[in-house]
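Note sheet for the following structure.
Chain A is the first sequence line, chain B the second, and so forth, proteins listed ahead of strands; every chain is numbered from 1.
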Amino acid sequence: MSHHIVEVKDLQYHYPDQTPALGGVSFRIHHGESVAIVGANGAGKSTLLLHLNGYLTPTAGEVRIGDFLLTRDTVQDVRRTVGMVFQDPDDQLFMSTVFDDVAFGPLNLGLTPSEVSARVEKALETVGVAHLKKRPPHRLSAGQKRRVAIASVLSMSPDILVMDEPSAGLDPRARSQLISILQTFHHTKIIATHDLDMVVDLCERTIVMHEGVISADGPTMEIFGNDELLAVSCLEKPLRIQGCPVCSRRS
Amino acid sequence: MHMADALLSPAVGTTMWAVTAATTAYCSTKVRKSLDDRKIPLMAVLAAFVFAAQMINFTIPATGSSGHIGGGLLLAILLGPHAAFLAIASVLSVQALFFADGGLLALGCNIFNLGVFPCFIAYPLIYKKIIGSDPTSGRLLTASLIAAVIGLQLGALGVVTETTLSGISALPFSSFVLLMQPIHLAIGIVEGVVTAGVISFIWQTRPEILTRAAADQPLGMVPIKPILIGLIMATVLTGGVLSWYASEHPDGLEWSMFKVSGHEELQAPSAGVHSSLEGVQAKTAFLPDYGFKETPGNDSGRLGTSVAGLVGGMLVMLLGAGIGLVLKKRNAPILSNP
Amino acid sequence: MSAKIDRVLYEIGHMDSLAEADTPLHRLDPRANLLTTAVFIVCVVSFGRYEIARLLPFFLYPAVLIGLGDLPLGFLLRKLLIVSPFVIFIGIFNPWLDRTVLLQLGALDISGGWLSFISLLLRFSLTVGAALVLIASTGFTTICMGLEKLGAPRIFAVQLLLLYRYLFILLDQATRMIRAHALRSFTRRGRITLRVFLQMLGNLLLRTIDRAQRIHMAMLSRGFTGEIRIVRQFRFGPKEFFFMFGFSGLFILLRLTDAVSLLGHLALGGIR
Ligand SMILES: Nc1ncnc2c1ncn2[C@@H]1O[C@H](COP(=O)(O)OP(=O)(O)OP(=O)(O)O)[C@@H](O)[C@H]1O
Ligand SMILES: [Mg+2]
């Protein structure tokens, strides 16, 4: 195993209606790295993430996950390696109870029922919602849904966790609980988000996207220190490093 | 309109269940074999959409009354007949279970009336034939209108036929038809207009959805043979079951047959038919179960039996209420887990 | 109108939470409940159209179940009432069309039409009651799994589960649309014209189709290959056996013999 490296080379993508969404994106992410992908609305973040588990097929360029070049033949293996948490947990939690939902992935991996139960329990424990096992997803709060969505991916023991706006719509407490849950996950993390304060907490590296291309890629603190770059990419400095007296004291 | 358990005889109810179950199994196999796993969530979410859409009422122009969509034809257009049938069946099942709309035995009839007709007749044989390969907005409206009206007329006829064959309602076939068909003509027109409107909205905003839906079902793909075989089987089965039922329970069927053309209050059948039917009535009005007779008389013995029956029935009912109450109070652990 | 949706949401939610209770009834294997309900309904509807007395003992079943499952009688009765109009509408013709006197209670002549109408109402209460009790004591998810175990096509059972899951979300979206419309239509008191209605429906439909695509995406990324698997162990043990055969036996007995008349005679004899 080449340690679950995620490598994207000159990735281009046009949606079927000819909207150009990605215009040549390249990067390489190593095992255990935690990387944020930031950028304005419509910059192409979600589109990029959808390539990482083979949902979209590149118009040009290539995606390589660990040992696999992403093709039609390897897509199942790739999906086993990459766990994807979608933007809207209502899309992700499609089964009628929390248990069944978290069990969906492991069952598709062909595990036995007892192994499946063990994995489900463990994943739900990890995100702290084991008591909600029998609940239907429509009777959960936004934060609980998000945790279950993460559990549904953790239960497949992915090596790489890809998340699209995991903190959107969460109240401050749920958000900080989410951050601490994510801090305990030591594999590769790739997170697309508008929550730059969370980026400061979770990711040592940040990729900035602007109109379908990468406009910057480097250590988070350096990126957020570059006012000019932030302005061009329609981003604002996180409160934490704006010299805010309250937050900076905390960090 | 939904058929109800209370209006059904077991012969009709179970026959329709069998027919519906067979159609469901057939459609499930078809959908699974189509290897288009995109459809699995799509079917379900569109079914949920129809459910939600039925809750939105609009004001019907120039009438002041309000209408909503049924959704059968729309689902058939968006999903193709097999997947649409399953979606309709699931909507009706949820309605039967949660809102007791219809009932469980009547579910077979309801799925048949509201699923088979739009999916396997109105859509492939009417809508697709009219709309052809290049849909114009005029053609879309004509196709939707005719298909929706015919689908719903057939459905209403289904309700009438099933009710009459069951013989629980005393409504004669002809008056029931006169009652149901015009209502469903109006419902069908509304359905057709709304379906055409929604489809043309999609056509204007996101045409690729419709072209994709159409690409899934090559023209003329809907096989007529299995449908015909199914219908023939259903007929034979119904005939068989009904005749068995008729021989076992002379009351059920003959009563309903009698009612089809009886009762001069509503119509005047020819004297011959009428008098012969009167003979049937004389035979069947005597109900051995009860032991009381059509002619009022002071036959206390017979009357006694029926009063005794009522008393006995009420006693058991009270007993049931008592048991229920006691159980509820204590929630007695008769069947509890060790 | 959005009140209608709210009511629907409330009712489904309420039925759902009833099913979450943990009583002896709730712990039964759903197959036992399903099959018993089926036998019950077939027995009830198989009586002749004038039958009244022999239908009455069948109320024993819902009563016992309401007791065992600790279900709220008032709520179930209200639901029964809400769906009664169609049956009443069809049945009310009976007394009018069928005026042959079939029964005399003292000076009171009762026509066949009235008998069959009352019988119809009893059948209606029994069959609908049984269905309501079934869902309130078993829960929709469990019923679907039970259906699958009894041989319903997997893909259909999965459809039901998914439909149920997304019903709430779509009803919620519909409510928000209606509310947004009502807030901006000052003169028309929230009445929706056909043109607006079509746009609303079209928009809702587009969003629904997009959602289906995202769900499919989420399924694929968790290894979906066309088959949805669910683990659920059910056990058809002695309790289920006792429940199912006990009740079914009773129903069949009540159907085949005239036990109530016998009982009535005994009671009347005792009074004398
Ligand atoms: N299904 C689609 N069909 C056509 N164009 C699309 C589709 N989805 C996205 N786009 C377009 O692709 C571009 C990139 O969109 P994308 O969703 O990747 O942005 P994003 O960075 O995730 O934005 P946000 O922060 O709003 O989530 C946008 O111009 C968008 O309009
Ligand atoms: Mg996005």
Side-chain angles (χ1 to χ4, degrees), chain A residues 46 49-50 52-56 75-117 119-120 134-140 145 149 152-156 158 162 164, chain C residues 8-10 12-22 26-27 139-145 148 154 157-173 207-234:
Chain A
S46 300
L49 295 192
L50 289 178
L52 298 184
N53 77 342
Y55 187 76
L56 296 177
V75 72
Q76 288 305 329
D77 298 300
V78 166
R79 284 178 185 154
R80 222 166 269 213
T81 320
V82 178
M84 181 108 180
V85 181
F86 288 87
Q87 197 162 344
D88 181 353
D90 277 328
D91 298 335
Q92 176 137 17
L93 305 179
F94 45 79
M95 298 297 284
S96 41
T97 65
V98 167
F99 182 93
D100 289 329
D101 210 284
V102 179
F104 182 85
L107 281 171
N108 285 334
L109 293 178
L111 303 179
T112 65
S114 58
E115 285 173 316
V116 170
S117 304
R119 285 221 187 175
V120 173
K134 285 189 181 162
R135 283 272 193 94
H138 63 262
R139 305 242 309 271
L140 300 178
K145 278 186 196 165
S152 74
V153 167
L154 291 185
S155 65
M156 297 183 71
V162 175
D164 201 348
Chain C
V8 166
L9 276 174
Y10 164 77
I12 299 184
H14 193 60
M15 291 293 262
D16 222 25
S17 56
L18 287 179
E20 268 172 33
D22 192 26
H26 288 81
R27 273 177 248 132
F140 190 70
T141 313
T142 317
I143 287 185
C144 294
M145 314 244 178
E148 202 238 350
R154 158 92 52 90
V158 166
Q159 275 310 296
L160 287 173
L161 290 174
L162 285 172
L163 161 62
Y164 184 59
R165 167 73 183 91
Y166 286 99
L167 194 59
F168 295 91
I169 291 175
L170 275 145
L171 284 174
D172 188 48
Q173 283 186 345
R207 281 198 244 160
T208 307
I209 291 173
D210 288 341
R211 182 182 291 281
Q213 199 183 346
R214 295 195 304 268
I215 296 167
H216 183 234
M217 205 146 80
M219 288 179 162
L220 286 180
S221 69
R222 287 198 270 153
F224 174 66
T225 51
E227 186 88 52
I228 289 189
R229 300 174 183 82
I230 299 169
V231 267
R232 194 60 56 98
Q233 251 101 32
F234 292 127

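In terms of heavy-atom proximity, C:R165 sits nearest to A:M95 at CD-O, 3.4 Å. Of all the heavy atoms in A:D91 and C:A218, the pair that sits closest is O-CB, 3.7 Å. Summarising the geometry of C:E20 relative to A:P136, their closest heavy-atom pair is OE2-CD, 3.8 Å, with the distance given to 0.1 Å. The two atoms that bring A:Q76 and C:G223 nearest to each other are OE1-CA, 4.3 Å, heavy atoms only.
Looking at C:I215, the atoms closer than 4.5 Å to chain A (heavy atoms on both sides) sit in the backbone and in the side chain alike. Residue contact with chain A, scored on non-hydrogen atoms closer than 4.5 Å, is absent for C:F140. Contacts between A:D101 and chain C at a heavy-atom distance below 4.5 Å involve backbone atoms as well as side-chain atoms.
Between the side chain of A:R79 and the backbone N or O of C:F224, no donor-acceptor pair lies under 3.5 Å. Panel note: side chain C:Y166, backbone A:D90; a donor-acceptor pair is recorded below 3.5 Å. For the pair C:R222 (side chain) and A:Q92 (backbone), a donor-acceptor distance under 3.5 Å is present.
The residue among A:K134, A:M156, A:M84 with the most heavy atom pairs within less than 4.5 Å of chain C is A:M156. The residue among A:F104, A:F99, A:F94 with the most heavy atom pairs within less than 4.5 Å of chain C is A:F94. In terms of non-hydrogen atom pairs under 4.5 Å with chain C, the most contact-rich of A:L93, A:L50, A:V85, A:V153 is A:L93. Each of A:G83, A:G54, A:S152 has some count of heavy-atom pairs under 4.5 Å with chain C, and the biggest count is that of A:S152. Options A:V82, A:N53, A:D100 differ in how many heavy-atom pairs under 4.5 Å they form with chain C, and the most are formed by A:D100.
The distance from atom OG of C:S221 to atom CG of A:L52, rounded to the nearest 0.5 Å, is 12.0 Å. A distance of 12.5 Å separates CG of C:L167 from OG of A:S96, quoted to the nearest 0.5 Å.
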Evaluation steps, side chain to side chain contact (heavy atoms under 4.5 Å, CB included), between A:F86 and C:M217: CA-CA 9 Å; A:F86 288 87; C:M217 205 146 80; 3.6 Å; yes
Full working for side chain to side chain contact (heavy atoms under 4.5 Å, CB included) between C:H216 and A:Y55: CA-CA 10 Å; C:H216 183 234; A:Y55 187 76; 4.2 Å; yes
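Taking the side chain as every heavy atom from C-beta outward, C:R229 and A:V116 never approach each other to under 4.5 Å.
The pair C:R211-A:D88 meets the salt-bridge criterion, with a side-chain N (NZ, NE, NH1 or NH2) lying under 4.0 Å from an Asp/Glu carboxylate O.
C:F168 and A:H138 have parallel rings, their planes meeting at less than 30° on a 0 to 90° scale where 60° marks the start of perpendicular.
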